[in-house]
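To find a chain, count down the sequence lines: A is the first, B the second, and so on, and within it residues start at 1. Hydrogens, waters and symmetry mates are skipped; everything else that's a heavy atom, side chains included, is used. These numbers were taken from a predicted model, which means no experiment stands behind them.
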Amino acid sequence: MSSSATPNTLSIATWNINGIKARLDNLVAWLNECQPDIACLQEIKSTDETFPRAAIEEAGYHVETHGQKGFNGVAILSRVSPDEVTRRLPGDDGDEQARFMEAVFPFAGSVLRVGCLYLPNGNPVDTEKFPYKLDWMKRLRALARERLELEEPFVLVGDYNVIPQPEDCHDPQAWEGDALFRPETREAFRLFESLGLTDAIRATNDADELYTFWDYQAGAWQKNNGIRIDHMMLSPEAARMLRGCEIDKHVRSWEKPSDHVPCRLTLGAES
DNA sequence: ATGGCATTAGGATAATGA
């Protein structure tokens with residue numbers, strides 16, 4: 001039997017960098033330090049044309065973007081070029097916000113499918129923004145259902161803008177009524193789990209105070225007043241290969257940080 | 001806290017975010 005040319009382990013990261021231009025130095029430093037094979041970025045706040053791809057390619061990464069002027073925008077960086085890239089979340093042709101892209105990579109004799117998402121914030125809840133968020137989650141659920149039927153290793157990672165449970169925030173009372181913590185939002189998140197997706201951070205950590213975001217204001221970082229809203233959801237086939245998961249919390253203390261920190265996981269196929 | 005801060009585009013502030 002011939003040996004496969006595809007890798008047997010892959011590390012996948014997600015990071016809402018809050019502006020690629022302001023975060024380029026931090027991004028390159030983190031890539032060099034943590035060496036993820038695949039890095040999904042959100043809130044690049046850049047068009048495809050103005051994305052600083054040269055500096056990232058110099059760091060050894062292939063760059064695929066789905067940008068938008070001024071805000072939103074996602075990107076997938078990878079050591080190896082993806083076999084296939086698709087942009088936009090299906091289900092609403094009128095939705096112009098750049099919040100979703102997907103790439104397929106060779107892995108363990110087959111493929112790994114990676115979805116990179118920046119789920120709408122949804123505030124204020126008494127505006128059209130909240131139903132947009134819930135509808136977006138419904139569209140994402142439809143996509144997840146379709147992908148799960150393939151029975152392939154599949155990860156759906158990014159900034160979900162969802163606080164799943166009270167233990168996922170420092171001060172639950174402060175988030176009552178907020179779009180990130182509304183019952184409808186949390187219920188919609190639970191439906192991803194009902195479909196069979198595994199929350200990788202929860203599955204590998206039993207510590208409390210696991211946060212991925214700390215506000216810039218009011219000394220939130222110093223007080224550890226954080227929330228866990230960046231998630232890495234895995235198909236059963238990917239969950240079976242989950243070898244570890246990390247939150248790169250130290251990055252929040254760097255100069256000129258994003259308000260989010262990176263999360264990483266490693267998948268390993270049985271040999 | 002009604003973003004108290006931060007980013008982008010642009011060239012003053014408005015829009016956006018969580």
Item to check | Parallel, tilted or perpendicular: ring planes of A:Phe189 versus A:His231, cut at 30 and 60 degrees | outcome: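 The rings of A:Phe189 and A:His231 sit tilted, inter-plane angle from 30° to 60°.
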Checklist entry - Which residue, A:Pro257 or A:Asn72, contacts DNA chain B at a nucleotide closer to its 5' end, judged by nearest heavy atom? => result A:Pro257
Next on the checklist: Here's a test of your reading of the structure: between A:Lys256 and A:Lys69, which maps to the more 5' nucleotide of DNA chain B?
Outcome noted: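 Final value for this comparison: A:Lys256.
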Within the 4.0 Å heavy-atom criterion, would you say [X] contacts the bases, only the backbone, or no part of the nucleic acid?
X: A:Asn123; answer: base
X: A:Tyr118; answer: sugar-phosphate
X: A:Lys129; answer: sugar-phosphate
X: A:Asn161; answer: sugar-phosphate
X: A:Ala22; answer: sugar-phosphate
X: A:Arg228; answer: nothing

Whole angstrom value for the distance that separates [atom2] of [N] from [atom1] of [X]:
X: A:Trp221; N: B:dC5; atom1: CH2; atom2: C1'; answer: 17 Å
X: A:Ile163; N: B:dG17; atom1: CD1; atom2: C1'; answer: 14 Å
X: A:Tyr132; N: B:dT16; atom1: OH; atom2: C1'; answer: 13 Å
X: A:Phe71; N: B:dT8; atom1: CZ; atom2: P; answer: 14 Å
X: A:Tyr216; N: B:dT16; atom1: OH; atom2: C1'; answer: 13 Å
X: A:Asp230; N: B:dG17; atom1: CG; atom2: C1'; answer: 13 Å
X: A:Leu180; N: B:dT16; atom1: CG; atom2: C1'; answer: 14 Å
X: A:Asp215; N: B:dT16; atom1: CG; atom2: P; answer: 19 Å

Checklist entry - Between A:Trp254 and A:Trp30, is the ring centre distance below 6.0 Å? => result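 For A:Trp254 and A:Trp30, the ring centres are not under 6.0 Å apart.
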Checklist entry - Think A:Arg23 has a side-chain N or O under 4.0 angstrom from the OP1 or OP2 of B:dT8? => result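 Checking B:dT8 against A:Arg23, no side-chain N or O comes under 4.0 Å of OP1 or OP2.
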Taking atom [atom1] in both [N] and [M], compute the distance separating them and give it to the nearest angstrom.
N: B:dG4; M: B:dG17; atom1: C1'; result: 14 Å
N: B:dA6; M: B:dG11; atom1: P; result: 24 Å
N: B:dT2; M: B:dT8; atom1: C1'; result: 23 Å
N: B:dA15; M: B:dA1; atom1: P; result: 25 Å

Going by atom types only, do [X] and [Y] share a side-chain donor-acceptor pair under 3.5 Å?
X: A:Tyr118; Y: A:Asn161; result: no
X: A:Asn18; Y: A:Lys45; result: yes
X: A:Gln165; Y: A:Arg202; result: no

Checklist entry - Taking A:Leu265 as the fixed residue, which of A:Ile12, A:Thr14, A:Leu10, A:Thr204 is the one that meets the side-chain contact (heavy atoms from CB on, under 4.5 Å) rule? => result A:Ile12
Next on the checklist: Starting the side chain at C-beta, find the nucleotide from B:dG17, B:dA6, B:dA9 nearest to A:Glu43.
Outcome noted: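 It is B:dG17.
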